[in-house]
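Heads up: the structure comes next, in structure tokens.
Computed from a prediction, not measured in an experiment: that's the story for all the values here. Throughout, protein chains are lettered first and strands after them, A, B, ... in sequence-line order, and every chain is numbered starting at 1.
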Amino acid sequence: MTQPFMFEKPLGMRDTLPAYYQTKRGVADRLESEIGSWGYLPIETPALEYYDTVGRASAILDQQLFKLLDQQGHTLVLRPDMTAPIARVAASSLKEQSFPIRLSYHTNVFRAQQREGGRPAEFEQMGVELVGDSTASADGEVIALMAAALKEAGLEDFQVAVGHIGYVNALLFDVLASTDEVDNLRRFLYEKNHVGFRQHVKSLELPKEDENRLLGLLQLRGGAEKLEEADALVHNGKAAEALENLRQIRDVLECYGVEQHVTFDFNLVLHMSYYTGVVFEGYGSRLGFPLAGGGRYDELLEKFERPGRATGFGIRLDLLVEALGYTGEKPAQTCILFSRERRSEAVEEARRQRNLGKRVVLQDEDGVENVEQLRSLFSEWIDLNGTKKEDEG
Amino acid sequence: MTEPLKIAMPKGRIFEEAVELLRRAGFSLPPEFDDSRKLIVDAPDADMRFILAKPMDVPTYVEHGVADIGVAGKDTMIEEERDVHEVLDLGISPCYMAVAGLPEYEKTDINPKVASKYPNLASRYFKEQGEQVEIIKLNGSIELAPLVGLADRIVDIVSSGQTLKENGLVELETIVSITSRLIVNPVSYRMKDSRIDDIAVRLAEVVEEDVR
């Protein structure tokens with residue numbers, strides 16, 4: 001390994017300079033206020049967790065975890081997401097609190113092995129977890145809240161794709177005999193490889209009707225009418241249950257008035273095993289990467305020994321800021337440049353202006369490298385230099 | 001006024017073939033595009049903009065969303081593992097990925113070396129075969145490697161087999177057959193679904209005709 005240059009940061013790490021911070025802070029404030037108004041309470045958890053608990057339970061792939069050892073030799077991970085830590089808290093510190101529990105978070109998470117630009121290894125996420133509620137109202141609530149938060153942040157043109165892993169599994173198991181076969185086909189969906197899906201289905205030499213049912217899955221993408229088309233493809237209890245869940249979610253989304261932002265997509269498979277019910281992903285028209293996502297994960301809590309059904313979403317703050325367009329706006333600030341002789345006068349003036357809610361920099365003229373450059377940074381400028389207060393008249 | 005749909009394509013023959021498919025699918029593209037050195041070519045009548053890239057880079061443009069859709073060889077898809085939707089096999093520029101070597105090649109246990117332009121694909125293939133090899137990444141003229149003793153085998157694209165033959169190499173194993181695919185950015189796939197579905201359906205019809 002070569003010695004890094006002094007200005008270098010580890011791969012995938014970014015600085016946040018004041019102007020960008022301000023833009024991001026503004027977006028975060030709007031998201032937080034929307035999430036707060038729905039009654040989700042913010043929590044914080046440590047940056048480091050045990051690999052054997054949170055690390056293993058997390059939806060993030062093993063090779064994407066940053067790992068290190070503590071002094072006792074335990075393997076630790078930098079938290080790769082907030083869902084697993086919140087499940088741990090809900091099952092331990094909050095175990096006396098009855099379900100449901102509504103929690104929110106705004107924090108940085110870490111993902112290793114990012115091979116190139118555009119994929120930071122540390123980024124901010126904001127989201128909610130609704131723990132211990134199995135109703136479609138809960139599923140609908142988190143999707144509606146995600147949409148409301150994106151809208152509140154200023155994102156006009158966005159879509160949320162909603163799928164259901166319960167339905168996908170019900171259809172695949174209805175046609176295919178073995179779990180391996182189902183996993184194979186589901187992996188093509190997970191990899192977004194429709195060509196491979198079709199080729200694999202054809203290679204199975206199924207009865208024509210079954211083949212068409214599997215191929216029909218790829219067409220299940222669009223408005224609410226797709227729920228009925230999905231209904232026609234498979235008749236078993238699990239599929240019916242999943243579709244009933246989605247119909248109710250659609251109703252909930254209509255109640256919240258966000259249905260115009262929602263499309264149904266039964267090909268949406270965000271993870272090979274983590275999610276158990278509804279899954280969803282949010283997209284903005286101005287950025288090529290999904291901004292947000294989530295779903296129902298009914299099997300995570302029991303890994304922390306408090307079985308419970310749960311659903312939630314996370315929004316990528318870095319991507320959302322990019323999609324909104326970075327404004328680079330700095331807050332208006334006033335500078336009072338003073339000489340040592342007039343310092344107490346300057347402090348008094350600064351106090352007066354700060355009390356009015358202004359942001360005031362108080363600067364001794366002897367400490368300035370370049371007055372003109374400093375002046376250009378401020379919207380207001382007050383000179384209190386010289387030896388004494390100038391005559392009033 | 002909508003933005004034109006941005007389509008990333010490899011320059012050269014694949015571009016010509018893909019554009020011909022689009023014409024047959026009823027999109028009004030000019031009979032020929034002049035100025036072959038341009039990297040961005042507009043087709044205002046079809047409301048499309050073509051971004052001409054290196055074949056291996058097409059999935060990158062599409063993944064980052066600077067192109068909504070693209071035409072990429074399956075070889076680059078396997079090599080690059082980009083997060084894009086692979087929606088249609090266009091059936092154009094068919095070829096296959098193969099292992100080749102000198103006719104007198106015999107398996108050796110001592111540090112077997114394989115040269116390829118596709119290091120990820122090659123290393124994954126040999127892992128699946130249960131063989132551990134050392135991969136040497138080259139950027140072109142892969143056939144040289146066994147001739148000069150840089151590697152004992154190569155992994156490369158074979159279309160007619162002519163290049164191998166001319167250099168005295170033989171094909172040892174076939175890995176996977178390859179054609180060009182229509183790929184779609186995950187966000188464009190949702191935000192511009194009606195336009196992209198329209199293109200995919202119309203192209204699928206043309207491709208079906210060719211198969212029959």
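Contact between His64(B) and Phe289(A) at its shortest, heavy atoms only, is ND1-CZ, 3.6 Å. Here the shortest heavy-atom pairing between Arg198(A) and Leu88(B) reads NH2-CA, 3.8 Å.
Side-chain atoms of Arg190(B) never come within 3.5 Å of backbone atoms of Ser285(A) as a donor-acceptor pair (strictly under, hydrogens ignored).
Residues of residues 148-160 of chain A lying under 4.5 angstrom from chain B, judged on non-hydrogen atoms, are Asp157(A), Phe158(A), Gln159(A) in numerical order.
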Going by atom type alone, with no hydrogens or angles, which donor-acceptor pairs under 3.5 Å involve a side-chain atom of residues 176-184 of chain B and a protein atom two or more places apart or on another chain?
unit_1, atom_1, unit_2, atom_2, d
Thr179(B), OG1, Asp89(B), OD1, 2.7
Thr179(B), OG1, Asp89(B), OD2, 3.3
Thr179(B), OG1, Arg181(B), NE, 3.1
Thr179(B), OG1, Arg181(B), NH2, 3.3
Ser180(B), OG, Ser93(B), OG, 3.1
Arg181(B), NH1, Glu86(B), OE2, 2.6

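Your options are Asn267(A), Asp265(A), Leu291(A), and the one with the most heavy-atom pairs under 4.5 Å with chain B is Asp265(A).
Between Lys74(B) and Val195(A), the closest side-chain pair of non-hydrogen atoms is not below 4.5 Å. Inter-residue side-chain proximity for Gln219(A) and Asp197(B) is flagged as unmet; no heavy-atom pair is nearer than 4.5 Å.
Neither the backbone nor the side chain of Leu218(A) has a heavy atom closer than 4.5 Å to any heavy atom of chain B. Looking at Gln199(A), only its side chain comes within 4.5 Å of chain B, counting heavy atoms on both sides. Only the backbone of Val84(B) comes within less than 4.5 Å of a heavy atom in chain A; its side chain stays farther off. Leu189(A) does not touch chain B: none of its heavy atoms, backbone or side chain, sits under 4.5 Å away.
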